Amino acid sequence: MGTIHLFRKSQRSFVGKLSQEFKLVAADRRSWKILLFGAINLLCTGFLLMWCSSTNSIALTAYTYLTIFDLFSLVTCLISYWVMVRKPSPVYSFGFERLEVLAVFASTVLAQLGALFILKESVERFLEQPEIHTGRLLVGTFVALTFNLFTMLSVRNKPFAYVSEAATTSWLQEHVADLSRSLCGIIPGLSSIFLPRMNPFVLIDIAGAFALCITYMLIEINNYFAVDTASAIAIALMTVGTMYPMSVYSGKVLLQTTPPHVIGQLDKLIREVSTLDGVLEVRNEHFWTLGFGSLAGSVHVRIRRDANEQMVLAHVTNRLYTLVSTLTVQIFKDDWMRPALISGPVAANMLNLPDHHIIPMPPLKGDDLNPLTSTPAKPSTAPPEFSFNTPGKNMTPVILLNTQTKPYGLGINHGSTPYSSMFSQGFGAPGMGATQGFRTGFTNIPSKYGTNSRGQPRS
């Protein structure tokens, strides 16, 4: 027997959850208009597909795919309304704005996929061109054009409107813009319609209908059936050229990249934040597009120990909130530590400086000394040039304890330099001073070759 849960909630199915969310969207009056246009779109698409089959026209099929794309845009508009109604949840803390970005990306990619199928069928038709019936070709063209323009101009689709303005212009828009400048030079009143750039969806609808009209005329006059295939290729290329920039833009949003047009403004804001009172460093900043028109970001701010965290947080948020709507700021105080002066153990006798005043300079190299006189042996080769002016070269100081014993001799190899020159280098008794010392900075060093503390020469 298993455990009986008296108050356990029943698990809803996927259809139940979907119906619940649909009721949430249907509560808005604006959604009824979209649902009405969606029903009309399904009806028109069904008639157009039947006419495509009866006329055997692949150009009309390519143009019908634009009507199917209008259905995707209506679904995207419904998703946009649902996103505005839904609130952020613990699982989706940033909300559901990225869902409408995904809908735009999927719609544009599906439209390009349909255009690729049209291109494939067109290549096959060039090998064996079938006969085209023009009975319903022109009627289907005007029905599709009327419904597409009416849908685009009547329904305010916020996601696609933003993408069409933010994305780069297509090659079709650029060519039409060049023609529009020439036309507006003749008729200035048309500048408000054709400039700065036309709506890409309206433009592709008009261009596709114009291609179908030319196809109808050429087939009726000369029975030139190959022009239908050429028109289908032209409509497919225009579809790819129009949808590709939108797919790229929405794909970059899904990849959480920083929009290029706000990088300069973000750099300026970061510089302003770094100059605020108490701020020492701004690092680990990351900004990305959360949805269409909304920017999210996170930043770490290091402040002084005596700075007020809440005050700095308020100033930083106030500066960045003008551009970043969803912002996460982490404040942490400076954690510097005083560096240690000694990195290893030090002997106790090394700290008593007055007991260490005898600083002899032993040689670094293994020079041969005379054991009887402790004088350097004469080298077999000539001494290096100017060696007599560098008495402390390549020598390291060694500190010995003051034991009040006779100091050791200086085993310095100066080659064949006479003893008289060594007296002139500044060897003297301690405390009496000397005219010149070693390069190591030790002067007045007692030596076996100097004088004793009473000023008498040693034996």
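Just so you know, these numbers come straight off a predicted model, no measurement behind them.
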Residue from V240, V163, T108 passing side-chain contact (heavy atoms from CB on, under 4.5 Å) with S247: T108

Beyond-backbone contact of R319 with H315, side-chain heavy atoms, under 4.5 angstrom: no

Residues which pass side-chain contact (heavy atoms from CB on, under 4.5 Å) with V155, listed by chain and number, not counting sequence neighbours: I34, F37, L74, C77

Side chain to side chain, W82 and L99, heavy atoms closer than 4.5 Å: yes

Could you pull out every donor-acceptor pair under 3.5 Å between side chains of residues 202-222 and any protein atom, sequence neighbours left out?
{"from": "T215", "atom 1": "OG1", "to": "A211", "atom 2": "O", "distance (Å)": "2.9"}
{"from": "T215", "atom 1": "OG1", "to": "S231", "atom 2": "OG", "distance (Å)": "2.4"}
{"from": "E220", "atom 1": "OE2", "to": "T134", "atom 2": "OG1", "distance (Å)": "2.3"}

M50, CE atom: more than 12 neighbouring heavy atoms under 6.0 Å: yes

Sequence-distant partners of E124, salt bridge (Lys or Arg N to Asp or Glu O under 4.0 Å), two or more places apart: K120

F47, CZ atom: more than 12 neighbouring heavy atoms under 6.0 Å: no

Sole residue of F69, F292, F72 in ring pair (Phe, Tyr, Trp, His ring centres under 6.0 Å) with F160: F69

Option from Q129, R125, E121 for which side-chain hydrogen bond (donor to acceptor under 3.5 Å, both in side chains) with T229 holds: Q129

Other residues, nucleotides, ligands: >12 heavy atoms within 6.0 Å of F142 CZ: no

Parallel, tilted or perpendicular: ring planes of W288 versus H286, cut at 30 and 60 degrees: parallel

Atom OH of Y224 with >12 non-hydrogen neighbours under 6.0 angstrom: no

Test item: F96 and I79 side chains (from C-beta on) under 4.5 Å apart, heavy atoms: no

Salt bridge (Lys or Arg N to Asp or Glu O under 4.0 Å) partners for D267, two or more places apart: none

Beyond-backbone contact of S107 with V75, side-chain heavy atoms, under 4.5 angstrom: no

Sole residue of V248, T289, V104 in side-chain contact (heavy atoms from CB on, under 4.5 Å) with V253: T289

Any side-chain heavy-atom pair of K33 and R156 under 4.5 Å: no

Partner set under side chain to side chain donor-acceptor pair (under 3.5 Å) for H300, not counting sequence neighbours: N284, Q330

Side-chain donor or acceptor of D228 paired with backbone N/O of I58 under 3.5 Å: yes

Flag, side chain of R98 to backbone of L254, donor-acceptor distance under 3.5 Å: yes

Listed partners of R136 passing side chain to side chain donor-acceptor pair (under 3.5 Å), at least two apart: none

